[in-house]
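Structure, as structure tokens:
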Amino acid sequence: MKKYMYMLTCVAISFILLVGCRKEDDSYKISDMELTTYETVNNFTDVSMTIKEETVSTTGLTVVFENNSDNRGIYGEFFSLEEKINNKWYQVPVTIDGYYGFNDIGYNLISGENEEFKVDWEWLYGSLNTGEYRIVKDILDFRNTGDFDRYYLAAEFTILN
């Protein structure tokens with residue numbers, strides 16, 4: 001009887017240690033998130049950004065810029081992701097510790113043209129969970145060197161796992 005009691009105790013202790021040492025999942029809590037910093041989006045008249053729906057995955061997507069204005073737009077590689085929780089937009093936390101950056105390059109968005117831009121966020125955000133998200137990118141209304149206005153374009157998408 002003592003032998004069975006000893007074995008039962010060892011099994012119980014092993015179970016407690018295994019449960020206590022399990023790895024946390026990669027999800028984040030709303031308490032870890034900050035509200036959006038973008039008060040105004042999509043106000044660059046006749047310039048828009050949409051999602052190419054068939055490209056949406058948990059690690060990236062393709063956006064489509066459409067310039068129906070008479071202006072020249074310039075956009076870069078910068079983007080940020082936000083998640084909609086209780087009808088409010090929250091910044092998705094990055095998975096990188098420390099500093100990170102984007103290539104400082106300008107892509108032309110000529111008047112009357114459309115451009116596609118592929119975004120891979122796995123390096124910065126990891127794989128997204130099921131939810132409602134939006135991607136935010138900045139774009140310049142470029143007139144001349146040092147003469148431009150900065151706008152922010154946002155496009156919503158849904159992740160279904």
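What you see below is based on every heavy atom in this structure, not just the backbone, and it leaves out hydrogens, waters and symmetry mates.
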Tell me, with the steps shown, if T40 and Y151 meet side chain to side chain donor-acceptor pair (under 3.5 Å).
CA-CA 8 Å; T40 305; Y151 294 94; over 6 Å; no

Separation of [Y] [atom2] from [X] [atom1] (nearest 0.5 Å):
| X | Y | atom1 | atom2 | result |
| --- | --- | --- | --- | --- |
| N68 | T45 | CG | OG1 | 11.5 Å |
| T59 | D120 | OG1 | CG | 5.5 Å |
| F65 | I139 | CZ | CD1 | 5.5 Å |
| L61 | T58 | CG | OG1 | 11.0 Å |
| S48 | N67 | OG | CG | 9.0 Å |
| E83 | W89 | CD | CH2 | 8.5 Å |

Short side-chain to backbone donor-acceptor contact, [X] and [Y], under 3.5 Å:
| X | Y | answer |
| --- | --- | --- |
| S69 | D46 | no |
| N86 | K88 | no |
| K137 | Y152 | no |

Please lay out, stage by stage, how F102 and F79 fare under the test ring-ring contact (aromatic ring centres under 6.0 Å, His included).
CA-CA 9 Å; F102 293 88; F79 67 91; 5.4 Å; yes

Side chains of N103 and E77: is there a donor and an acceptor less than 3.5 Å apart?
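Note: N103 and E77 side chains meet the donor-acceptor criterion.
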
Does a donor on one side chain and an acceptor on the other come within less than 3.5 Å for E116 and T62?
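On atom types as modelled, these side chains do not qualify, holding no pair under 3.5 Å.
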
Do you reckon L153 sits in the same ILVMFWY cluster as I110, going by side-chain contacts under 4.5 Å, direct or chained?
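No, because L153 and I110 fall into different hydrophobic clusters, even though each may have its own neighbours under 4.5 Å.
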
Could you tell me which residues satisfy salt bridge (charged side-chain N to carboxylate O under 4.0 Å, His left out) with R72, sequence neighbours excluded, listed by chain and number?
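R72 satisfies salt bridge (charged side-chain N to carboxylate O under 4.0 Å, His left out) with no other residue.
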
After noting the C-alpha distance and the side-chain angles of T158 and E132, does the key distance pass the side chain to side chain donor-acceptor pair (under 3.5 Å) rule?
CA-CA 5 Å; T158 302; E132 294 179 64; 5.3 Å; no

So that I know where these two stand, are F157 and W121 an aromatic pair - ring centroids less than 6.0 Å apart?
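So the answer is yes for these two rings.
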
Got [X] and [Y] here, is their nearest side-chain heavy-atom distance under 4.5 Å?
| X | Y | answer |
| --- | --- | --- |
| V56 | I51 | yes |
| T95 | W123 | no |
| Q91 | T37 | yes |

Measure across S80 and Y38 and return the closest heavy-atom pair with its distance rounded to 0.1 Å.
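Here S80 and Y38 meet closest at OG-OH, 3.2 Å.
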
Specify the closest pair of heavy atoms between V136 and A154, including all atoms of both residues, with the distance to one decimal.
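Closest approach of V136 to A154, heavy atoms only: CG2-CB, 4.1 Å.
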
State which residue, out of V41, I135, V64, fulfils the side-chain contact (heavy atoms from CB on, under 4.5 Å) condition with M49.
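When side-chain contact (heavy atoms from CB on, under 4.5 Å) is applied between M49 and each of V41, I135, V64, only I135 qualifies.
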
Would the number of heavy atoms belonging to other residues, nucleotides or ligands and lying under 6.0 Å from CG of D104 be above 12?
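No, because the 6.0 Å sphere around CG of D104 holds 12 heavy atoms or fewer from other groups.
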
Members sharing F142's hydrophobic cluster (side chains within less than 4.5 Å):
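Via sub-4.5 Å side-chain contacts, F142 links to I74, L140, F148.
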
Assess the residue pair V94 and Y125 against the criterion (side-chain contact (heavy atoms from CB on, under 4.5 Å)); give the C-alpha distance rounded to whole Å, side-chain angles, the decisive distance to 0.1 Å, and a yes or no.
CA-CA 5 Å; V94 298; Y125 294 102; 3.9 Å; yes

Between E115 and Y75, is the side chain to side chain donor-acceptor pair (under 3.5 Å) condition met? List the steps.
CA-CA 10 Å; E115 295 288 333; Y75 64 95; 4.5 Å; no

Is there any salt bridge (charged side-chain N to carboxylate O under 4.0 Å, His left out) pair reaching into residues 143-161, and which pairs are they, with sequence neighbours excluded?
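Applying salt bridge (charged side-chain N to carboxylate O under 4.0 Å, His left out) to every pair that reaches into residues 143-161, excluding sequence neighbours, yields D138-R150, D141-R143, R143-D147, R143-D149.
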
